Protein chains: 2
Amino acid sequence: MKNSDTKTKILDVAEKLFAETGIHATSIRQIVKEAGVNVASLHYHFGSKEAVIHEIITRRLRPINEAKEKHLDEIEEASAGKPPELEAVLRAFIEPHIHMHKVAGDKVKIIMKLMVQVEDEAEKLKLLHDPAMMTVFNRYISTLQSILPHLSSSEVLWRFKFMIGSMHAIMLQHPMPPDSPFKNEKENTEDIINHVITFLKAGFLAPASTNSSVE
Amino acid sequence: MKNSDTKTKILDVAEKLFAETGIHATSIRQIVKEAGVNVASLHYHFGSKEAVIHEIITRRLRPINEAKEKHLDEIEEASAGKPPELEAVLRAFIEPHIHMHKVAGDKVKIIMKLMVQVEDEAEKLKLLHDPAMMTVFNRYISTLQSILPHLSSSEVLWRFKFMIGSMHAIMLQHPMPPDSPFKNEKENTEDIINHVITFLKAGFLAPASTNSSVE
DNA sequence: ATATAATTCAAACATATGTTTAAATCAAGT
DNA sequence: ACTTGATTTAAACATATGTTTGAATTATAT
């Protein structure tokens, strides 16, 4: 079927160009040229450039969310009613991202950037409010709360956000300047996961922060 | 002096519009219209739209970096040769950001987004490699390493990056959907700082993560 | 008051953009 | 072979974009 051939070719090329040049700096003409298809063909299949962006993001995010959900299912089943291990929950949440990062390489970088940019754009694409994604988020937050009952729900949510921020830090690969004495050696995926899990586990297990307003 | 009047007016309006509509979705015609100045006046003062973006970012980032540097100077002086307290170092790094967040409000949001977007754009603006900023970064990393000598320099750098990611999480204010049962109550600045400091302190104090490569 | 420089302005420039049109080509079923 | 619907194509469309021009205006200093 030529149909899906053209569609996936457009998505693949667009994703690559977005990652290289940036989303707005990439025109649909560049995309169709490198993909070897006609400009009207893109509109025929997707309807608009925005729809292409949307599809690129969801295509990557969907399997991540499914993996996250599946992992949490397994963990909950294994722990049989009792709150599961914190580390297991953190790994379940983080590994799908890092794994995708490993498979898709720098393309993931643009996904994260796209999400930031998309949030920027008057929220025309409400990907971040995607119900499937939010359902998974809420499940994880609930589980974390059950593991850490002494923390207020607000504090659990903050720590959850810090976790996402840390993951972004990994995937965006904030650059250090070439002349900086501090560099990350080339580490394998497992090492990076260990780094972040160690850091986050300690962070989540920290005692409740003092509240300035009460007393 | 009219000069600085027009310049700052352009910067103020541009910053506001970028924050509302996004950087690429905002044209210089919108900017000059709302600022009440002529389109050529913008080019006269700044030379290009890119230069405006650059100036908006540096204008906000400069005082933050200066505060960070000043705080670290004070801490080092007070500790007199010995490694300073971890919490003091973390507060010195984070408070200037949060404080600016308090003063500039949602405008800060766009600064963070701008930095992500700018990094996107073929790195024409190399703000993230700004020497002043990197010097401060390196000083903080060195100080953290001296406090945590048992950690490899690579692990210190990772935790430093996780800290930046957590700060981004605060400033970008990752939205939760309106119907989510999990929300952050309206908390004051001090509470948020306490949340993140508690989290980060525990994370930095975590033992070294196990390395998968050496046995 | 006059000369010089800085600034503002309306208008035009050049072009890159996302999108649409309508004809041509291809695929599949009868 | 013929018909129908899906797909691809070249070309045109409409317009929004950042930028530049050159004259007009304003500020500054002699």
Side-chain angles (χ1 to χ4, degrees), chain A residues 1-58 110 113-114 117-118 120-125 127, chain B residues 1-58 110 113-114 117-118 120-125 127:
Chain A
M1 218 180 213
K2 274 260 184 77
N3 173 3
S4 55
D5 272 10
T6 306
K7 283 185 80 169
T8 60
K9 185 146 208 171
I10 289 173
L11 289 176
D12 289 343
V13 170
E15 186 180 50
K16 181 186 143 231
L17 291 181
F18 286 158
E20 284 174 4
T21 327
I23 168 171
H24 283 98
T26 303
S27 68
I28 68 171
R29 280 176 175 79
Q30 293 175 255
I31 296 171
V32 297
K33 186 183 170 191
E34 185 150 338
V37 303
N38 188 274
V39 60
S41 195
L42 184 146
H43 282 89
Y44 174 77
H45 284 291
F46 295 97
S48 69
K49 184 187 181 183
E50 230 175 29
V52 175
I53 299 169
H54 190 118
E55 184 55 30
I56 287 178
I57 299 182
T58 53
I110 194 57
K113 289 179 184 173
L114 284 180
Q117 287 188 37
V118 160
D120 215 10
E121 309 285 309
E123 298 159 26
K124 279 178 211 153
L125 310 174
L127 279 167
Chain B
M1 217 178 216
K2 273 261 184 77
N3 173 3
S4 56
D5 272 9
T6 306
K7 282 185 82 169
T8 60
K9 185 147 207 169
I10 289 173
L11 290 176
D12 289 341
V13 170
E15 186 181 50
K16 181 186 143 230
L17 290 180
F18 286 159
E20 284 174 3
T21 329
I23 168 171
H24 283 98
T26 304
S27 68
I28 68 170
R29 279 175 176 79
Q30 294 175 254
I31 297 171
V32 297
K33 186 183 170 189
E34 186 149 335
V37 302
N38 188 273
V39 60
S41 195
L42 185 145
H43 281 89
Y44 173 77
H45 284 291
F46 296 96
S48 70
K49 184 187 181 183
E50 230 174 29
V52 175
I53 299 169
H54 190 117
E55 184 54 29
I56 288 177
I57 299 182
T58 52
I110 193 59
K113 289 179 184 171
L114 285 179
Q117 288 188 37
V118 160
D120 215 8
E121 309 286 310
E123 298 159 25
K124 279 178 214 152
L125 311 173
L127 280 166

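Residue numbering restarts at 1 for every chain, and letters A, B, ... go by the order of the sequence lines. Bear in mind the structure is a predicted one, so any value in this text is a computation, not a measurement.
With values rounded to the nearest 0.5 angstrom, I53(B) atom CD1 is found 11.5 Å from T58(B) atom OG1. Atoms NZ and CD1, on K49(A) and I23(A) in that order, are 6.5 Å from each other to the nearest 0.5 Å. Note: I10(B) CD1 to L42(B) CG = 4.5 Å, rounded to the nearest 0.5 Å. One distance of note links CD1 of I57(A) with CD of E15(A); it measures 10.0 Å at 0.5 Å rounding. For the atom pair OG1 of T6(B) and CG of L11(B), the computed distance is 11.0 Å after rounding to the nearest 0.5 Å. Taken from NZ in K33(B) to CZ in R29(B), the straight-line distance is 12.0 Å, to the nearest 0.5 Å.
When distances are taken from the side chain of H43(A) to each of dT8(D), dT20(C), dC9(C), the shortest belongs to dT20(C).
Rounded to an integer number of Å, the gap from OH of Y44(B) to P of dA10(C) is 17 Å. Atom CG of L42(B) is separated from atom P of dC9(C) by 12 Å (rounded to the nearest Å). The interatomic distance linking D5(A) (CG) with dA27(C) (C1') rounds to 14 Å, in whole Å. Taking atom NZ of residue K7(A) and atom P of nucleotide dT8(D), one finds them 11 Å apart after rounding to whole Å. Going from atom CD1 of I31(B) over to atom P of dT8(C) covers 16 Å, rounded to whole Å.
For the pair T6(A) and dT8(D), the criterion of a side-chain N or O lying under 4.0 Å from OP1 or OP2 is met. Distances shorter than 4.0 Å separate some side-chain N or O of H45(B) from OP1 or OP2 on dT8(C).
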Show the atom names and distances, to 0.1 Å, of all donor-acceptor pairs under 3.5 Å that link a side chain in residues 34-41 of chain A to residues at least two apart or in another chain.
residue : atom : partner : partner atom : Å
E34(A)  : OE2  : K16(A)  : NZ           : 2.3
N38(A)  : OD1  : A40(A)  : N            : 2.7

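When every heavy atom of F46(B) is checked against every heavy atom of K7(B), the shortest pair comes out as CZ-O, 3.7 Å.
Looking at heavy-atom distances under 4.0 Å, S41(A) makes contact with a base.
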Enumerate all atom pairs, one protein N or O and one N or O from nucleotides 10-17 of chain D, separated by less than 3.5 Å.
residue : atom : partner : partner atom : Å
dA10(D) : N7   : N38(A)  : ND2          : 3.0

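For Q30(A) (side chain) and S27(A) (main-chain N/O), a donor-acceptor pair under 3.5 Å exists by modelled atom type.
Note that the two end axes of the helix from dA1(C)-dT30(D) to dT30(C)-dA1(D) enclose an angle of 10°, each drawn from 5 base pairs, rounded to 10 degrees.
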